[in-house]
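What follows is a single structure, written as structure tokens, with notes after it.
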There are 2 protein chains.
Amino acid sequence: MGVTKTHMFTVRQNELAQVAKVLAHPARIAILEYISKQEGCICNDLVDVIGLAQPTISQHLNEIKKIGLLKGTFEGKNLCYCINEERWEELQQSFQVFFSNINFNCC
Amino acid sequence: MGVTKTHMFTVRQNELAQVAKVLAHPARIAILEYISKQEGCICNDLVDVIGLAQPTISQHLNEIKKIGLLKGTFEGKNLCYCINEERWEELQQSFQVFFSNINFNCC
DNA sequence: TTTTAATATTGCAATATTACGATGATATAA
DNA sequence: TTATATCATCGTAATATTGCAATATTAAAA
């Protein structure tokens, strides 16, 4: 099968899992961290920095875009973008809540 | 190919991605949340609660175990386990740091 | 307009993930 | 000992992910 049974879970559980999936690749972690370290927006140099082929980087960027974590201009030549602050903090909050709502009344 | 080029990234980036991968499935989110809601340890009822087949649940539990998030007894009948508090807080910390070290000097 | 540079899309091969039936192992109950 | 109940493992089918070569698209430069 290989297909996740999303209907069995809550919207929130599915959304959290979806965001985690985007973070579930070191290249995407590296991309986000690299963008973050820059003074301003990112233009061009990601392919050289990460060391994967250009189509591969493009694909990874697309995954990150899908969950709303990037903003900027995306068409044609000289793409420029950076991290969407509102969305970032929203996701940070989601993980925060997830990690904080766990009990340890244990064996 | 389908194989991640882990050698291109730092150990920390790979580890964070690996943990995110475990969280990247709603069933595993649901399992963790269900265990958390219980008074004590979990015994038996996970299959009924989540609604996936027993081998599937077993597989998901194994993924969670792999990153050290569960403790308890795992052999034979009447498996009992709960969340490993130290490891949980360690991972919480990792995500916290990841989400906090991002800059937004943007376009 | 033609070239050039940067990014996107397509198509494909290799591998990973998800799910479950069948079966095996283990421990308690009868 | 013989069920029975619980969890693990194996094998397999369906689908998803990763990565890249080839190619297309786009916008600015020449």
Side-chain angles (χ1 to χ4, degrees), chain A residues 1-9 13-14 17-32 34-35 41-67 70-82 107, chain B residues 1-9 13-14 17-32 34-35 41-67 70-82 107:
Chain A
M1 314 190 166
V3 64
T4 296
K5 298 191 162 178
T6 53
H7 63 280
M8 298 183 132
F9 310 101
Q13 286 169 337
N14 280 306
Q18 205 190 333
V19 173
K21 194 179 263 182
V22 172
L23 301 181
H25 195 293
R28 294 192 287 262
I29 298 282
I31 287 171
L32 286 167
Y34 179 71
I35 298 177
C41 290
I42 288 302
C43 300
N44 309 340
D45 51 355
L46 215 41
V47 173
D48 301 323
V49 172
I50 303 293
L52 293 172
Q54 179 267 325
T56 309
I57 297 289
S58 190
Q59 262 181 137
H60 282 308
L61 279 173
N62 219 270
E63 297 299 311
I64 301 174
K65 260 186 255 170
K66 270 188 201 161
I67 57 165
L70 295 180
K71 70 175 181 181
T73 45
F74 297 112
E75 321 93 76
K77 198 185 156 188
N78 280 69
L79 160 138
C80 281
Y81 51 88
C82 55
C107 40
Chain B
M1 308 185 170
V3 64
T4 297
K5 297 193 162 178
T6 53
H7 63 280
M8 298 182 132
F9 309 101
Q13 286 169 337
N14 280 305
Q18 205 189 332
V19 172
K21 194 178 263 182
V22 172
L23 301 180
H25 194 294
R28 294 192 287 264
I29 298 282
I31 288 171
L32 287 167
Y34 178 73
I35 298 176
C41 290
I42 287 302
C43 301
N44 311 340
D45 52 353
L46 214 41
V47 172
D48 300 324
V49 173
I50 303 292
L52 293 171
Q54 179 267 323
T56 309
I57 296 290
S58 192
Q59 258 183 140
H60 281 308
L61 279 173
N62 220 270
E63 297 299 312
I64 302 175
K65 263 186 254 169
K66 270 188 202 160
I67 57 165
L70 295 180
K71 70 175 180 183
T73 45
F74 296 111
E75 321 94 75
K77 199 187 158 190
N78 280 67
L79 159 139
C80 281
Y81 50 86
C82 56
C107 38

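No experiment lies behind these values; they were computed from the predicted model shown. Each chain gets a letter, A, B and so on, in the order its sequence line appears, and its residues count up from 1.
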Taking DNA chain C as the partner, which of residues 18-32 of chain A come within under 4.0 angstrom of it by heavy atom?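 Those residues: none at all.
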
Name the residue closer to the 5' end of DNA chain C, choosing between Q59(A) and T6(A) according to the nucleotide with the nearest heavy atom.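 Whichever sits nearer the 5' end wins; that is Q59(A).
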
Taking the nucleotide of DNA chain C with the closest heavy atom to each, which residue, M8(A) or V47(A), is nearer the 5' end?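 Final value for this comparison: V47(A).
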
Could you state the [atom1]-[atom2] distance from [X] to [N], rounded to the nearest angstrom?
X      : N       : atom1 : atom2 : value
L52(A) : dA8(C)  : CG    : P     : 15 Å
L61(B) : dA19(C) : CG    : C1'   : 15 Å
I50(A) : dG19(D) : CD1   : P     : 11 Å
E63(B) : dT18(C) : CD    : C1'   : 10 Å
I57(A) : dC20(D) : CD1   : C1'   : 12 Å
H60(B) : dT9(D)  : NE2   : P     : 16 Å
N62(A) : dC20(D) : CG    : P     : 17 Å
D45(B) : dA5(D)  : CG    : C1'   : 14 Å

Let me confirm one number: the OG-CD distance from S58(B) to E63(B), rounded to the nearest 0.5 Å.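 It is 10.5 Å, given to the nearest 0.5 Å.
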
Atom pair CD1 (I29(A)) and NE2 (H60(A)), whose distance is rounded to the nearest 0.5 Å: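 I29(A) atom CD1 to H60(A) atom NE2 measures 11.5 Å (nearest 0.5 Å).
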
Heavy-atom distance under 4.5 Å between the side chains of V49(B) and I31(B), does that happen here?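 Counting from C-beta outward, V49(B) and I31(B) never come under 4.5 Å.
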
Is Y81(B) close to I64(B) at the side-chain level, that is, under 4.5 Å between some pair of heavy atoms?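 With C-beta onward as the side chain, the pair stays apart.
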
Between the base of dA8(D) and the side chain of Q54(B), is there a donor-acceptor distance below 3.5 Å?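 Yes.
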
Would you say S58(A) reaches dT7(C)'s phosphate, i.e. side-chain N/O to OP1/OP2 under 4.0 Å?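 No, because none of the side-chain N or O atoms of S58(A) sits under 4.0 Å from OP1 or OP2 of dT7(C).
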
dC20(C) phosphate, OP1 or OP2: any side-chain N/O from T56(B) under 4.0 angstrom?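 So the side-chain polar atoms of T56(B) do come within 4.0 Å of the phosphate oxygens OP1 or OP2 of dC20(C), strictly under.
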
Out of dT18(D), dC20(D), dT9(C), which nucleotide sits closest to the side chain of T4(B)?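 Side chain of T4(B) sits closest to dT18(D).
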
When you measure from the side chain of P55(B), which nucleotide among dG21(C), dG19(D), dC20(D) comes out closest?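 For the P55(B) side chain, the nearest candidate turns out to be dG21(C).
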
Using modelled atom types and a 3.5 Å cut-off, is there a donor and acceptor pairing between side-chain atoms of R28(A) and backbone atoms of L23(A)?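 Looks like no, no N/O pair under 3.5 Å.
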
More than 12 heavy atoms of other residues, nucleotides or ligands under 6.0 Å from CD of Q18(A): is that the case?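 Atom CD in Q18(A) is not crowded, with 12 or fewer foreign heavy atoms closer than 6.0 Å.
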
Hey, what's the ring geometry for F9(B) with H25(A), parallel, tilted or perpendicular (30° and 60° as the breaks)?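 It falls in the perpendicular class, over 60°.
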
